[in-house]
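Order of the sequence lines fixes the chain letters, A, B, ..., with proteins taken first and strands second; residue numbering starts at 1 for each chain. From a predicted model like this one, the values you see are computed outputs, not experimental measurements.
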Amino acid sequence: MEKAYEPHAIEQRWYQTWEQRGWFAPSGTGTPYCIMIPPPNVTGSLHMGHAFQDTLMDALIRYHRMRGDNTLWQAGTDHAGIATQMVVERQLAGAGQSRHDLGREAFIKKVWEWKGESGGTITRQLRRMGSSLDWTRERFTMDEGLSESVKEVFVRLHEEGLIYRGKRLVNWDPVLHTAVSDLEVIAQEEQGHLWHIRYPLVDGEGSLIVATTRPETMLGDAAVAVHPGDERYRHLIGQLVKLPLTGRRIPVIADEYVDPAFGTGCVKITPAHDFNDYQVWLRHRDSTALLAVPENGLINLFTIDAKIIASDNAPLASLIPPQYQNLDRFEARKRIVADLENANLLVKTDPHKMMVPHGDRSGAVIEPYLTDQWYVKVGPLAEPAIKAVEDGRIKFVPENWSKTYFEWMRNIEDWCISRQIWWGHRIPAWYDADGNIYVARSEAEVRSKHTLADSVVLTQDEDVLDTWFSSALWPFSTLGWPQQTPEIKALYPTNVLVTGFDIIFFWVARMIMMGLKFMGDVPFREVYIHGLVRDAHGQKMSKSKGNVLDPIDLIDGIDLETLVSKRTTGLMQPQMAKAIDKASRKEFPNGIPAHGTDALRFTFAALASTGRDIKFDLGRIEGYRNFCNKLWNAARYVLMNTEDQDCGVNGGELEVSIADRWIASRLQRTIDHVNTAIGHYRFDLAAQAIYEFTWNEYCDWYLELSKPVLQSADSSAAALRGTRHTLVSVLECLLRLTHPIMPFITEEIWQRIAPLAGVSGETIMHQPYPLADESRNDAAIETEMDWLMRFILGVRNIRGEMNISPGKPLPVLLQNGSAEDSARLERYALFLKTLARLESITWLDGAAAPESATALVGEMKLLIPMAGLIDKDAELARLTREIEKLGKDLDKCQTKLANSSYVERAPAEVVAQDRMRVTELRSAIERLDEQATRIRAL
RNA sequence: GGGUGCUUAGCUCAGUUGGUAGAGCGUCGCCUUUACACGGCGAAUGUCGGGGGUUCGAACCCCUCAGCACCCACCA
């Protein structure tokens, strides 16, 4: 083996082997265990969030596979409608073209081409992560089978009246020219204005003052509303006001919606451009007041670009003064405010903070816009979905996310599922010349179902479905639904969904609704919600901030110049490049060194504490790369001492030492911890247990303790066999324990270690996962070992504090030992001498002690003679520190015991423990005091 | 406006049913001891955000205040 661990040398090779041998596929036997990957965008690339999430899923999958479960990790990608279409449109724009220049068919062809080109990136990167996805079952949301599922679901929901088409206000993205759902709208606080505008009364001299943040929409006002109980305006209800700039007459109406305390208490009602106003309008549209208004008051002012309509594109434009026609909405706002001011109708302008809706993809200000769209009636689907979580058929981990889920589900609105884009599942609806709508799986089915003659011309709806519509079906569409496949029978419901909180609404909730509806059962039993991966300073990683880390760069390493150029090219705001350049150079002066996949995975696992966000610090991954190296070198040591030697697997007497028994006992406890931790999705605790056992127990103590046995000429063949046997068998087990988190290094080492441990098999992947064997917990041996360790630590402490070279053998004198101490000394002399580097061990009995530094092992006093070399002050300082520390503990204990109610009420064993402690502390302090006195007297 | 979290060592975080506050990184010493300098050995470091309560006992349970995040929401 190489002296240093080099991940590159092994990772690629092992992944290829695993995949080629078909080892990721379900075994076909055992308890089913299935996870669906949250399908990444097919044309995307792997970011830290994916890498984190996939590490956790792969750890679970490998864990269950090793436990003998019939394990499937379903692979696949998402077509990501808007996102993907935008990428391709941007490419076209680079060539000076728009999708409309190409036409629908050619454009879609282009997108498929792009998918073909870049579609392999993310799946390649998933492989780099070691993800044991079953690639033979890989699906794509727009492949044939999944498209079948989409159609089937649409048609069935439509038949039940749970999908309908309707004209109403939607969130309109004027840049993308499509409707988006409520979830795709991000409200951002912005500094705006509240304009107070005078609306003169038609009769008489008076006027009303209306406060608005959007003066440009006044061109489409249908009414002015006041609160019915508002004394100031009660007498004006039913009167008409003259709409400024147009002269159009609109009524004053009364509606509870108006808050008399806000603004002026008068609200302009623009039903075609404001969600609230639309609701008000619905209540009043049949009133004579509104019937008198053009279009019944529902006046659509905007084109799909959110420009004011003009006479050449809309009949309603006659209502709009020509000077505003064709203006962009924000242009129109400026113009209208100026004109109002000139006309003396602008009473005042107040600064006003408000939430402005933006499209999550385009960033454009979203416009409430009146269009025909398809909707899912969500209420009837939500009800059982709420219940499934309430009664525990689905459990959120951490549990409190269920509150977020309930909160949203209980206030859920109908879901707008149609999008006016081209890349996606075309809506299976057809129209005849009269505008009749037919929904079916195909045009042929429409014709046969409705007995339409071939002469009837049908055109399919132009729209496509929201991407999340097909994602919602993922847990069963990937298994072959609507066909009744064996996979569905075996693997649905899946076991756990691993995902981020940001898509609980987008995806998790909708999968639950659809799963219950079409499969009659929940899609997964648990939802593990992990946190967001942030940068080292807690900032969200984003291209625009220039703080993105690419998981592949952490694995392979990247030089500074490449990193900087990666971060500064293709920025939306190129002026940021300089700052990003500077910050990156400061943070990574030498670029990023290679760490390997296993170190990255271990880091993610170690950071994955209960659902909170994680700050990704390079220091952590470095530490875990070192851990890989540690494990690697431990294996080298083991191999050096066991290869071609008798490890006792073919029989022969085994003599085990205290160290052998101790490490076996510790291993059992570690196995127990790791299993418990994984069972609770506490990957951090699992990683920690593995780390501590490997480094602090196996390497620091056990390997060191094995050396005296292996190197001593006096060791019997049985003792050598025993130690070799423990060396290999503990390591072999540790590798299996660690494999789900670090698959590569464990496989590589295991291949060499397993035969020595008498274990055969093609791969560690299919070896049984270690289960704790309580009977091997050996409390007695741990107590013995504790004594041994304290002895050694005592000597080392003195050595360190007295600045004595680690290599210098020391004599040690002992006082005040018990019969047990001397028996132990007898038993463990070899270990003590080697690990503490002792020249000799001598009982002092009655004799006077020379000048020495001291340590205590229980009651026994350990003296290291300093023969004139003693640094009196240093030793005194050390003793004083120790005495003070013990003194503090003693005080605490004594105070507690002096409290009669404590002694009476606390459990007897707790009190007894404290009493014992007091005795121990007193005696220890006494001994240290003696020693301090002696030193002082020197 | 409603909701959910968080606050523990310089930094990043653990802390199981309340019972002696822990780890990693960093820092400071000593050391090239033949598994590993991506290392070994040793050391230092805390008013557990503030205040109050329950309890024999609180980092943990309750109340309250402060600060920081995030999510949802139609106040024009």
Side-chain angles (χ1 to χ4, degrees), chain A residues 1 3-5 182 187 194 210-214 225 257-259 261-270 274-279 352 354-355 368 398 400-401 403-404 407-408 411 501-502 504-505 532 536 538 593 595 599 606-607 609-620 622-641 676 680 682 684-685 688 691-692 695-696 699-700 703-704 707 793 796-807 837 878 881 888-889 892-893 896 899-907 909-911 913-914 917 921:
Chain A
M1 278 172 88
K3 187 171 172 186
Y5 167 60
D182 297 344
L194 195 56
V210 162
T212 181
T213 56
R214 299 205 57 192
Y257 156 70
V258 181
D259 175 3
F262 186 87
T264 59
C266 301
V267 185
K268 69 195 240 348
I269 300 299
T270 319
D274 183 283
F275 289 104
N276 292 310
D277 294 5
Y278 186 74
Q279 292 304 315
H352 184 68
M354 53 186 196
M355 300 302 279
N400 62 284
W401 284 109
K403 287 183 193 166
T404 306
E407 186 66 20
W408 189 67
N411 299 295
F501 63 86
D502 49 332
I504 291 180
F505 307 145
L532 213 65
H595 296 95
L607 292 173
S609 56
T610 51
R612 68 149 72 180
D613 287 356
I614 62 177
K615 295 185 193 175
F616 197 90
D617 187 354
L618 221 53
R620 280 305 271 270
E622 247 171 66
Y624 294 126
R625 184 208 43 197
N626 295 353
F627 176 62
C628 291
N629 191 55
K630 189 75 177 173
L631 182 61
W632 183 261
N633 277 291
R636 280 181 62 222
Y637 169 80
V638 172
L639 286 170
M640 278 177 202
N641 286 287
T676 307
H680 292 109
R682 289 301 304 268
D684 58 329
L685 298 181
Q688 193 186 337
Y691 185 97
E692 282 175 3
W695 203 306
N696 304 339
C699 290
D700 286 351
L703 294 190
E704 294 307 317
K707 287 174 186 175
L793 288 169
R796 283 177 177 172
N797 176 280
I798 290 170
R799 205 187 272 277
E801 293 280 303
M802 298 285 110
N803 280 348
I804 300 165
S805 160
R837 286 246 165 189
R878 194 178 70 90
R881 245 194 341 259
K888 247 190 232 165
D889 285 355
K892 227 193 267 175
C893 268
K896 238 161 124 187
N899 183 342
S900 60
S901 45
Y902 167 67
V903 179
E904 280 161 28
R905 302 200 192 189
E909 71 235 40
V910 174
V911 176
Q913 207 182 336
D914 272 334
R917 216 175 131 61
L921 285 168

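- Rounded to a whole Å, the CG atom of A/Leu703 is 15 Å from the P atom of B/U34.
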Subject >> Contact state string [nucleotides 22-28 of chain B, B base, S sugar-phosphate only, - no protein heavy atom under 4.0 Å] >> reply: -SS----
**OP:** If a protein heavy atom is under 4.0 Å from the base, mark B; if only from the sugar-phosphate, S; if neither, -; do that for nucleotides 43-48 of chain B going 5' to 3'.
**Re:** SS----
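- Secondary-structure stems of RNA chain B, taken as three or more successive Watson-Crick or G-U wobble pairs (i with j, i+1 with j-1) under a 3.5 Å distance threshold, comprise B:1-7 with B:66-72, B:10-13 with B:22-25, B:27-31 with B:39-43, B:49-53 with B:61-65.
- Straight-line distance between the P atoms of B/G26 and B/C11: roughly 16 Å, to the nearest whole Å.
- Residues A/Tyr5 and A/Met354 each lie close to RNA chain B; by heavy-atom proximity, the contact nearer the 5' end of the strand is made by A/Tyr5.
- For the pair A/Ile798 CD1 and B/G29 P, the interatomic distance rounds to 22 Å; values are reported in whole Å.
- Rounded to an integer number of Å, the gap from CG of A/Asp259 to P of B/C75 is 12 Å.
- Among residues two or more places apart in sequence or in another chain, the side-chain contact (heavy atoms from CB on, under 4.5 Å) test is passed with A/Gln279 by A/Leu282, A/Arg283.
- Nucleic acid contact class of A/Thr212 (heavy atoms, under 4.0 Å, all strands): sugar-phosphate only.
- Residue A/Glu704 is in base contact, counting any heavy-atom pair closer than 4.0 Å across all strands shown.
- Across all strands, A/Asn641 comes closer than 4.0 Å to no nucleic acid atom at all (heavy-atom distances).
- In this structure, NZ of A/Lys615 is placed 11 Å from P of B/A14, rounded to the nearest angstrom.
- B/C60 and B/U45 have their C1' atoms separated by 23 Å, with the value rounded to a whole Å.
- Between B/C61 and B/A23, the distance separating the two C1' atoms is 26 Å to the nearest Å.
- At least one side-chain nitrogen or oxygen of A/Lys892 sits closer than 4.0 Å to the OP1 or OP2 atom of B/A21.
- Across all strands, A/Arg917 comes closer than 4.0 Å to base atoms (heavy-atom distances).
- Side-chain N/O atoms of A/Glu692 and A/Gln688 include a donor and acceptor closer than 3.5 Å.
- Among the atoms of the strands shown, only primed sugar atoms or phosphate atoms (P, OP1, OP2) are found under 4.0 Å from some heavy atom of A/Arg796.
- The side-chain hydrogen bond (donor to acceptor under 3.5 Å, both in side chains) check on A/Arg682 picks up A/Asp684, with sequence neighbours excluded.
- Atom CD1 in A/Ile614 sits roughly 16 Å away from atom C1' in B/C11 (whole-Å rounding).
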**OP:** Dump the intermediate steps for side chain to side chain contact (heavy atoms under 4.5 Å, CB included) on A/Tyr5 and A/Asn633, then the final yes or no.
**Re:** CA-CA 8 Å; A/Tyr5 167 60; A/Asn633 277 291; 6.0 Å; no
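- Here A/Val258 lies in heavy-atom contact (under 4.0 Å) with a base.
- One finds no salt bridge joining A/Arg625 and A/Glu622 here, because no Lys/Arg side-chain nitrogen approaches an Asp/Glu carboxylate oxygen to under 4.0 Å.
- Across all strands shown, A/Lys707 has heavy atoms under 4.0 Å from base atoms, whether or not it also approaches the sugar-phosphate.
- Whole-Å rounding puts the A/Arg837 CZ to B/U33 C1' distance at 5 Å.
- Of the candidates B/A14, B/A35, B/U4, B/A35 carries the atom nearest the A/Arg636 side chain, counting heavy atoms from C-beta on.
- Taking 4.5 Å as the limit, every side-chain heavy atom of A/Glu909 sits out of range of all side-chain heavy atoms of A/Gln913.
- Looking at residues two or more places apart in sequence or on another chain, you find a side-chain hydrogen bond (donor to acceptor under 3.5 Å, both in side chains) between A/Ser901 and A/Asn899.
- The residue A/Phe275 sits apart from the nucleic acid: no heavy atom pair falls under 4.0 Å.
- Using a 4.0 Å heavy-atom distance criterion, A/Leu793 is classed as a sugar-phosphate-only contact.
- Partners of A/Phe627 by ring pair (Phe, Tyr, Trp, His ring centres under 6.0 Å), not counting sequence neighbours, listed by chain and number: A/Phe602, A/Tyr691.
- Taking the side chain as every heavy atom from C-beta outward, A/Arg917 and A/Lys896 never approach each other to under 4.5 Å.
- When the C1' atom is compared between B/G46 and B/C13, the two are found 15 Å apart, to the nearest whole Å.
- Computed from coordinates, the A/Asn629 CG to B/G40 P distance equals 10 Å when rounded to whole Å.
- Here A/Asp182 pairs with A/Asn171, A/Glu413 under the side-chain contact (heavy atoms from CB on, under 4.5 Å) rule; sequence neighbours left out.
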Between the protein and nucleotides 15-19 of chain B, list every N/O to N/O distance that falls short of 3.5 Å.
unit_1	atom_1	unit_2	atom_2	d
B/G15	OP1	A/Arg682	NH1	2.8
B/G15	OP1	A/Arg682	NH2	3.2

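- Considering only side-chain atoms of A/Asp700, the nucleotide from B/A76, B/C41, B/C36 that sits closest is B/C41.
- With sequence neighbours excluded, the residues forming a side-chain contact (heavy atoms from CB on, under 4.5 Å) with A/Val210 are A/Tyr199, A/Val224, A/Cys266, A/Lys268, listed by chain and number.
- Take A/Tyr257 and apply the ring pair (Phe, Tyr, Trp, His ring centres under 6.0 Å) test, not counting sequence neighbours, and it matches no residue.
- Taking the C1' atoms as reference points, B/G51 lies 48 Å from B/G40, given to the whole Å.
- Residue-level contact check: A/Cys628 touches neither bases nor backbone, having no heavy atom under 4.0 Å from any strand.
- Residue A/His352 contributes atom NE2, which lies 9 Å from atom P of B/C75 at whole-angstrom precision.
- Nucleotides B/G22 and B/C65 have their C1' atoms positioned 29 Å apart, rounded to a whole Å.
- A/Lys630 comes within contact range of at least one nucleobase, with a heavy-atom separation under 4.0 Å.
- When distances are taken from the side chain of A/Phe505 to each of B/G5, B/A76, B/C71, the shortest belongs to B/C71.
- Going from the P atom of B/A37 to that of B/U32 covers 14 Å, rounded to whole Å.
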Might you list the N or O atoms of the protein lying below 3.5 Å from N or O atoms in nucleotides 67-70 of chain B, with each pair's distance?
none

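- Residues A/Lys707 and A/Tyr637 share a closest heavy-atom pair of CG-OH, 3.2 Å.
- Taking the nucleotide of RNA chain B with the nearest heavy atom to each of A/Ala536 and A/Cys699, the more 5' of the two is matched to A/Ala536.
- On the C1' atoms, B/U47 is 15 Å away from B/A58, given to the nearest whole Å.
- Using a 4.0 Å heavy-atom distance criterion, A/Met1 is classed as making no nucleic acid contact.
- Counting non-hydrogen atoms under 4.0 angstrom, A/Lys3 reaches the backbone sugars and phosphates but no base.
- Annotation: side chain of A/Ile504 is in contact with side chain of A/Trp401 (closest heavy-atom distance under 4.5 Å).
- Using bins of under 30°, 30° to 60° and over 60° for the plane-to-plane angle, the ring pair A/His352/A/Phe262 lands in the perpendicular bin.
- Atom CG of residue A/Leu631 and atom CZ of residue A/Arg636 lie 13.0 Å apart, to the nearest 0.5 angstrom.
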